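Both counts, for ligands and for their atoms, begin at 1 and track the order of listing. Note that this is a predicted model, so its numbers are computed, not measured. Below, each value reflects all heavy atoms present in this structure, side chains not excepted, and no hydrogens, waters or symmetry copies.
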Amino acid sequence: MKTIIEPFRIKSVEPIRMTTRPERRAMLEAAHFNLFGLHSDDVLIDLLTDSGTSAMSARQWAAIMQGDESYAGSPSFARFEAAVRNLAPFKHIIPTHQGRAAEAILFHLLGGPGRKIPSNTHFDTTRGNIEASGAEAVDLVIAEGRDPAADHPFKGNMDIAALAAFLEANADAVPCVMLTVTNNAGGGQPVSLANIEAVADLAHRYGKPFIIDGCRFAENAWFIKCRELGQAARPVIDIVRSMFARADGMTMSAKKDAFANIGGWLALNDDALAASARVRLIQTEGFPTYGGLAGRDLDAIAQGLSEIVDEDYLAYRIRTNAYIGERLTALGVPIVRPTGGHAVFVDARGWLSHVPPLHYPGQALACALYEIGGVRSCEIGTVMFGRARDGAEHPAAMDLVRLAMPRRVYTQSHADYVVETFEEIAAVKDDLRGLRITWEPPMMRHFTAKFEPLPA
Ligand code: F0G
């Protein structure tokens with residue numbers, strides 16, 4: 001088969017400032033070995049996140065010029081609303097400035113002490129908004145979804161038996177059932193259409209609204225097309241519509257599968273809930289026809305939504321991570337298998353087995369990737385999750401490093417360069433040392449903690 005090429009050509013470029021390894025070592029030291037502390041123009045290849053980092057198309061930039069900045073009733077909102085409904089035909093589409101704002105509004109209304117909200121795996125901000133309301137976030141992903149080495153086509157699936165038992169035991173405490181597609185926190189793994197429908201049925205049997213966190217809905221639909229029996233012949237746009245058909249609402253970050261640099265929405269079918277959500281929106285985001293966004297952002301999202309379901313794009317998108325994953329596997333670097341939609345997750349604890357979890361093998365690997373190759377990644381492990389609420393520190397379930405691929409930004413030679421950086425690290429990996437934390441804030445320490453390398 002021929003190489004799956006980038007299905008676009010490049011009209012506008014941003015220079016990458018080349019740096020040397022000694023310069024990067026100095027910048028790493030100045031940032032206290034926390035990659036969030038780097039200036040992004042000191043990074044060669046930035047794989048920190050796929051969120052808000054997409055390259056917009058010429059048509060999106062053109063759409064931006066059509067943005068109408070009226071406070072109320074802007075035609076940009078009408079275009080945005082129509083574009084969302086074309087894929088996810090919910091009755092009420094409520095724009096927000098990003099995904100977590102939609103979550104904050106939803107759980108302001110549905111959360112509260114004593115409530116429990118099940119999902120396959122809640123993303124951190126979803127969990128954070130649920131917990132901030134006093135409610136409990138419960139993760140019920142299938143067992144394979146917790147095992148990095150397990151090969152399963154839909155590792156993001158909800159454990160249906162566990163959800164049934166949970167609803168039976170806690171029905172009165174559950175205000176809604178959620179499902180994250182793809183399952184970011186579990187490695188960007190997809191959820192099958194059969195599983196989405198089974199979750200919807202179960203939620204409805206107990207009279208609960210079913211809400212999809214749809215951040216990476218198009219990548220999820222592509223996996224359904226490629227992997228689920230009976231779906232191969234269906235256009236992705238139809239699969240997307242089927243994914244949302246049985247849901248009662250969705251939260252969305254347009255910074256992912258809408259190719260926008262900012263934006264999101266909350267969609268609901270329930271009139272009363274939507275009316276309360278709009279009241280909260282006016283208090284915290286803005287009037288319901290802009291919701292914390294400029295009219296031009298709404299137009300960029302509307303256009304992005306027509307591009308994200310392009311199958312040539314999705315084939316290239318999913319192939320990029322599969323390609324990096326295959327090459328890393330060939331090098332002997334353990335990764336979460338199979339590769340997910342938006343990122344490759346490297347099992348740093350497995351690869352740097354001489355670095356104990358409380359010496360942060362993920363952070364050690366992420367620092368080496370930057371120092372040796374100028375590649376910025378993100379530790380998802382004991383630094384992020386290791387500090388318990390009671391102040392004790394424990395190893396996280398896994399120590400992963402996420403290489404998240406911005407959409408339409410990097411080419412295959414950038415991907416090759418990332419793999420070559422791993423090749424260079426492989427030769428010295430047994431000499432890599434862990435780190436210790438010299439300062440950390442009371443919460444969410446991974447963003448601002450300061451580190452120091454442990455002596456050899
Ligand atoms: N849900 C999921 C599954 C996400 O991945 C994110 C963001 C959000 C909700 C929140 O959306 O950032 O627009 O407020 N994930 C980013 C990431 C930050 O790097 O994975 P937001």
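- Here E285 does not pair with R278 in a salt bridge; the nearest charged N to carboxylate O distance is not below 4.0 Å.
- Screening residues 99-118 for salt bridge (Lys or Arg N to Asp or Glu O under 4.0 Å) gives K116-E136 as the qualifying pairs, with residues at least two apart or on separate chains.
- The aromatic rings of F77 and F80 sit tilted, their planes meeting at an angle between 30° and 60°.
- With sequence neighbours excluded, no residue forms a ring-ring contact (aromatic ring centres under 6.0 Å, His included) with Y323.
- A distance limit of 4.0 angstrom between heavy atoms and ligand 1 selects the residues T49, S51, Q98, G99, R100, E103, F123, T125, T180, N184, D213, C215, R216, S253, K255, K256, R402.
- Residue pairs meeting the salt bridge (Lys or Arg N to Asp or Glu O under 4.0 Å) criterion with at least one partner in residues 367-383, sequence neighbours excluded, are R21-E371, R25-E371, D46-R376.
- Between F90 and F244, the ring planes are perpendicular. Angles over 60° get that label, and only those under 30° would be called parallel.
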